[in-house]
Amino acid sequence: MLLADQGLEWKDEFVTIDTWLQGDLKAKAVFGQLPVFKDGGLTLYQSNAILRHLARKHGLYGKDLNDQSCIDMMNDGVEDLRIKYLQLIYKNYEEGKDAYIKSLPAEFKYFENVLGQKKYGNGFLVGNKISFADYNLVDLLCNHLVLAPGCLAEFPLLSAYVKRISSRPRIQAFLSSDAHKNRPINGNGKQ
């Protein structure tokens with residue numbers, strides 16, 4: 001989303017589970033996992049390191065140190081939820097899905113409250129400009145909307161936020177592209 005919204009070009013290489021299990025890519029990965037991002041001579045692993053690099057490079061990391069610290073805080077909150085989501089998807093999907101979905105209101109209320117403090121719910125997580133944390137949250141919430149389509153019904157600000165960011169022209173084009181739609185959300189096919 002970040003790359004698309006900023007009008008940047010990239011080459012996306014999808015790695016199948018069969019290719020990954022052969023071990024060559026895993027052996028090269030710094031922490032034994034994907035994604036990997038190459039920017040000129042720089043090779044980065046870890047999603048959040050990649051996001052922060054792109055944010056610094058493209059002015060998506062706030063206007064000053066205080067903004068950057070608040071963006072980091074928001075992104076850490078997003079990652080706390082993502083960890084719970086991934087635990088469900090990869091370790092406890094069949095047995096834990098219903099309980100997980102029931103727990104979502106308690107998780108989403110924090111983000112709803114943050115948005116409620118910003119421009120009548122019409123702003124971003126931090127400041128007056130989109131940041132990498134916004135892209136990360138919208139991505140995760142879109143995944144949740146596949147898992148539980150009505151999960152944002154009780155959260156009008158969060159629902160409007162996802163719609164507002166997803167409808168930015170370049171993001172909308174990216175999300176409706178075959179390359180995006182044909183790609184599985186999770187490596188194990190559960191969503």
Handout entry: Check: Tyr61/Asp67 side-chain N/O donor and acceptor closer than 3.5 Å
Key = no
Handout entry: Side-chain donor/acceptor of Ser69 to backbone N/O of Leu65, under 3.5 Å
Key = yes
Exercise for the section: Assess the pair His144 and Tyr100: is the distance between their ring centroids shorter than 6.0 Å? Expected result: yes
Exercise for the section: Could you tell me the separation between the NZ atom of Lys84 and the CG atom of Asn92, rounded to the nearest 0.5 Å? Expected result: 14.5 Å
Exercise for the section: Taking only Lys NZ, Arg NE, NH1 and NH2, and the carboxylate oxygens of Asp or Glu, determine whether Asp134 and Arg164 approach each other closer than 4.0 Å. Expected result: no
Exercise for the section: Any chance you could measure Leu141, atom CG, to Phe111, atom CZ, to the nearest 0.5 Å? Expected result: 7.5 Å
Problem - Ser177 (side chain) donor-acceptor with Phe174 (main chain) under 3.5 angstrom - result: yes
Exercise for the section: Decide whether Val146 and Leu152 are clustered together by the hydrophobic rule: side chain heavy atoms of Ile, Leu, Val, Met, Phe, Trp, Tyr closer than 4.5 Å, transitively. Expected result: yes
Problem - N/O donor-acceptor pair under 3.5 Å between Lys129 side chain and Gly59 backbone - result: yes
Practice task
Ignoring hydrogens and angles, tell me if any N or O in the side chain of Glu112 forms a donor-acceptor pair with the backbone of Leu158 under 3.5 Å.
Solution key: yes
Handout entry: Polar side-chain atom of Thr19 near backbone of Val15 as donor-acceptor pair, under 3.5 Å
Key = no
Exercise for the section: Treat each ILVMFWY residue as a node, draw an edge where side-chain heavy atoms are under 4.5 Å apart, and state whether Leu86 and Leu88 are in one component. Expected result: yes
Problem - Pair Tyr135-Gln6, side-chain donor/acceptor within less than 3.5 Å - result: yes
